[in-house]
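Heads up, the thing below is written out as structure tokens.
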Amino acid sequence: MTLEHQRRTHRCGELRETDAGTEVVLAGWVDVTRDQGRGLVFIDLRDRSGITQAVVEATPDGDGESESMRIARSLRREDVVILRGVVRPRAGGANPRLATGGIEIAASEVAILNRADHPPILPDDEEAARMDEEVRLRNRHIDLRRPRMQSILGLRSRVTRLAREHFQDRGFLEVETPLLIRSTPEGARDFVVPARLHRGEFYALPQSPQLFKQILMVAGCDRYMQICRCLRDEDPRADRQAEFSQIDLELSFTDRDEVLEIVGGFVRRLWKEILDVEVPELVRMSWADAMNRYGIDRPDLRFGLELVDLDDLAAQTEFGVFRDALAAEHRGRKGVVKAMRVPGGAASLTRKQIDALTEFAKGFGLGGLPTTKVAEQGFETGIAKFLAPIEAPLRERLGLETGDLVVFGPGRWETVCKALGEVRLKLGRELGQIDESRWEFLWVVDFPMFEFDEDEERWVALHHPFTAPLPGQAPLLESDPGNCLSAGYDLVVNGSEIAGGSIRIHQQAIQEKVFELIGLSAEEAESKFGFLLRALRHGAPPHGGIAFGLDRLVMHLAGTENIRDVIAFPKTQSGGDLLCDAPSAIDAAQLKELGIDLAGES
RNA sequence: GGGGCGGUAGCUCAAUUGGUUAGAGUACCGGCCUGUCACGCCGGUGGUUGCGGGUUCGAGUCCCGUCCGCCUCGCCA
């Protein structure tokens, strides 16, 4: 049998000095060749597992050019070849940069499985880092050959394998849920698919399997898991795609503590097995604490720069900005004054940087960003004169030291939290306060059930409208929905939300009440979510669950900040697939069959 | 929908105030080279400057429009 029809015996990253003397057959892509002249050609052969150097040599008596030598000299990058030879220690010294650097294959026979056209890009990690991502995405079949990308694909595969193993070992049943479902109100914009057999009607692609996994609980599945695709027609970000994956879980007869315990165990196992990092028992923080101290519902605990409440002290000053902020009231909530101590900030931040920070904060709705510097003799610059009367308690509360900068955020609570939270993150990054080697996990719990939507002038569910109130909080749905806490929870690592879920409403009456509060009439609720309400009537167990953002999880484990790096075939910011050039126009015949007329350009 | 940055050879980039035939590295093609591994040396091919329009004697460069990519605000139950 000729070489090109034989099977490889090893992969390109496997052979070591201990294999010396073995005859092997390797197949792969030509990474590069080094032609030393008529008598000697090196071939670096690459597959997913690594690179092995093969050598084609003229026979010592030099009886002219062999067929293998002729082929070897003709090889070009990314040609697909197979070769046979004997493993031997390197004659020319080891290459410490390769795992196989101690050996080489003395190739006796080389055959071409497939010639490659001149490749538009090369699968080189260093070049890829400089390359326009557009070019990489357009040539994804080559980009994915890079060692880094192969390694991430492998990592992602290990994560999904571990998830299936971990949860299925604990009684979770893997169940698939439909992709063509009913469009539902609330939440993100749906992707929509025309229904040929029902002219004028549409399926929606699922934003998540939420309702189906709840119905699986009603159906007695007890514990469900799925690695599923979710689709939300919203603008992407660096860590967000319209099409993404979740590790989706749901449990019956459970409570919040059990869910957090099970999920915490999985996360600790993941970090241990993938990164060999011991993650301690996960801490919990209330949403209110997170917002007040970090200005955000997913705090990055790798650094300080915490926000401190100053309402009482600010009220003792004559500073109009503080007094106005505190006097203002919005939807029953008084304005606040918060402050942040920036250690050493008086020296490390220039006037120009502070001005830029002010503009940055204004971008989040803050009226301004008063600051002052802490000197030996008192406060200097900025609003120092207003602060003089409260100097001693202010120093104590913020732990101020000479050389610090203090940043103040007066205004509506939501605005101050958002703006100072963003200022905190920006300063943390720019002042090099973030220890990239740390992993800071926490559960954020005790979310409010609702937040008020100023534009639509109605309550909207902070999590989703199937989230249950915390035990004992249900009466507040009637009396004070704005202060009713939910049984929702988010898992946060290093300021990034990697999982979120809740204990669900399993009683129809409470579900109807929540629908009513978010402005969904009984008729609408019945028409949009009737199948869920009907299920809740037919014996729904208490249940709850969670979903991991798989892509983001892999981003953290892989150490990348680009979600496209962890998705084999990602989309661009405008939702395009540059490899297959989707989306695209479709035939008039297809449109006709679907009963769709396109409106003219508007 | 808003804001910012970018688009010149296959790839990464350069091109003075608007001025000759748009250059370099690399890749690619040809030749040479028996221990390379970012191989080396010699020679060569390669351009709708994203696209369309305008100003100008003359546009990669200035103006208008548009497309595409990235970041970001809004949005993402």
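Between B:rG44 and B:rU26, the distance separating the two P atoms is 15 Å to the nearest Å. B:rU20 and B:rA15 are spaced 14 Å apart, taking the C1' atom of each and rounding to whole Å. Using atom P as the reference point in both B:rG47 and B:rA9, the two lie 11 Å apart (nearest Å). For the P atoms, the distance from B:rG2 to B:rU49 is 29 Å, rounded to whole Å. To the nearest whole angstrom, the two P atoms, one in B:rA59 and one in B:rG52, are 15 Å apart. For B:rG31 and B:rU45, the C1' atoms lie 15 Å apart once the distance is rounded to whole Å. Here, B:rG25 and B:rU61 have their P atoms 26 Å apart, quoted to the whole Å. Here the separation of B:rA22 from B:rG46, taken at their P atoms, is 12 Å to the nearest Å.
Per the geometry, CD belonging to A:Gln241 stands 12 Å off P belonging to B:rG69, to the nearest Å. Taking atom CG on A:Asn95 and atom P on B:rC37, their separation rounds to 9 Å, with Å as the unit. A straight line from CG of A:Leu578 to C1' of B:rC67 spans 13 Å, rounded to a whole angstrom. Between A:Gln573 atom CD and B:rU72 atom P there is a gap of 7 Å when expressed in whole angstrom units. A straight line from CG of A:Asp35 to C1' of B:rC32 spans 9 Å, rounded to a whole angstrom. Here B:rU72 presents its P atom at 11 Å from CZ of A:Phe360, a figure rounded to the nearest Å. Rounded to a whole Å, the CZ atom of A:Arg90 is 12 Å from the P atom of B:rC39. In this structure, A:Glu422 atom CD and B:rG3 atom C1' are separated by 15 Å, rounded to whole Å.
No hydrogens or angles were tested; on distance alone, nothing pairs the side chain of A:Asp132 with the base of B:rG7 as donor and acceptor under 3.5 Å. On a pure distance criterion of 3.5 Å, a polar donor-acceptor pair joins the side chain of A:Arg237 and the base of B:rG74. Checked by distance alone, A:Arg88 brings a side-chain donor or acceptor within 3.5 Å of a matching partner on the base of B:rG35. Judged by distance alone, with hydrogens and angles left aside, A:Glu127 brings no side-chain donor or acceptor close enough to the base of B:rU26 to form a pair under 3.5 Å. Remark: the A:Arg232 side chain and the B:rC76 base include no donor-acceptor N/O pair separated by less than 3.5 Å. A donor and an acceptor atom sit less than 3.5 Å apart, one in the side chain of A:Arg240 and one in the base of B:rC75. Side chain A:Glu104 to base B:rG35: a donor-acceptor pair is found below 3.5 Å.
Checked for salt-bridge contact, A:Arg256 and A:Asp446 meet the test: a charged N lies under 4.0 Å from a carboxylate O. Salt bridge status for A:Asp577 with A:Arg140: absent, with no side-chain N to carboxylate O gap under 4.0 Å. A salt bridge is defined here as a Lys NZ or Arg NE, NH1 or NH2 lying under 4.0 Å from an Asp or Glu carboxylate O, and A:Asp453 with A:Arg458 fails to meet this definition. Between A:Glu430 and A:Lys426, at least one side-chain N (NZ, or NE/NH1/NH2) sits under 4.0 Å from a carboxylate O, which counts as a salt bridge.
Considering only the side chain of A:Arg73, B:rC32 comes nearest among B:rC32, B:rU12, B:rG69. Listed nucleotides B:rC28, B:rC37, B:rC75 differ in distance to A:Gln53; the shortest reach to its side chain belongs to B:rC37. Of the candidates B:rG35, B:rC70, B:rU12, B:rG35 carries the atom nearest the A:Phe42 side chain, counting heavy atoms from C-beta on.
Here A:Val135 lies in heavy-atom contact (under 4.0 Å) with sugar-phosphate atoms only. In this structure, A:Ser574 reaches the sugar-phosphate backbone alone: every heavy-atom distance under 4.0 Å involves primed, P, OP1 or OP2 atoms, never a base. Among the protein residues, A:Gln36 comes within range of the nucleic acid bases, having at least one heavy atom under 4.0 Å from a base atom. Across all strands, A:Gln210 comes closer than 4.0 Å to base atoms (heavy-atom distances). Among the protein residues, A:Arg136 comes within range of no part of the nucleic acid, since none of its heavy atoms lies under 4.0 Å from any strand. A:Glu57 comes within contact range of at least one nucleobase, with a heavy-atom separation under 4.0 Å. Residue A:Pro465 is in base contact, counting any heavy-atom pair closer than 4.0 Å across all strands shown. Residue contacts for A:Arg189: at a heavy-atom cut-off of 4.0 Å it reaches no nucleic acid atom on any strand shown. Within the 4.0 angstrom heavy-atom criterion, no nucleotide atom of any strand lies near A:Gly363. Among the heavy atoms of the strands, none lies under 4.0 Å from A:Glu451. Across all strands, A:Ala188 comes closer than 4.0 Å only to sugar-phosphate atoms, never to a base (heavy-atom distances). Nucleic acid contact for A:Leu462: sugar-phosphate only, since backbone atoms but no base atoms lie under 4.0 Å from a heavy atom of the residue.
B:rC41 is paired with B:rG31 under the Watson-Crick or G-U wobble criterion, all donor-acceptor distances under 3.5 Å. Shown here, B:rG25 forms a base pair with B:rC11; the pair counts as Watson-Crick or G-U wobble because both key distances fall under 3.5 Å. Shown here, B:rG69 forms a base pair with B:rC5; the pair counts as Watson-Crick or G-U wobble because both key distances fall under 3.5 Å.
The aromatic rings of A:Phe531 and A:Phe212 sit tilted, their planes meeting at an angle between 30° and 60°. Taking the six-membered ring where the residue is Trp, A:Phe360 and A:Phe364 present perpendicular rings, their angle passing 60° and hence far from 30°.
Toward the 5′ end of RNA chain B lies the nearest nucleotide of A:His118, the other residue of the pair A:Asp44 and A:His118 mapping further downstream. In terms of position on RNA chain B, the residue among A:Ala91 and A:Arg130 whose nearest nucleotide sits closer to the 5' end is A:Arg130.
Checking side-chain atoms of A:Ser502 against main-chain N and O of A:Gly488 turns up no donor-acceptor pair under 3.5 Å.
Contact annotation: A:Arg34 side-chain N/O to B:rA38 OP1/OP2 distance is not under 4.0 Å. Distances shorter than 4.0 Å separate some side-chain N or O of A:Arg564 from OP1 or OP2 on B:rC71. Between A:Arg76 and B:rC29 there is a side-chain N or O to OP1 or OP2 distance below 4.0 Å.
Under 3.5 Å, the side chains of A:Asn562 and A:Thr560 contain no donor-acceptor pair of N or O atoms.
For the atom pair CZ (A:Arg136) and CE (A:Met149), the distance works out to 5.5 Å, reported to the nearest 0.5 Å.
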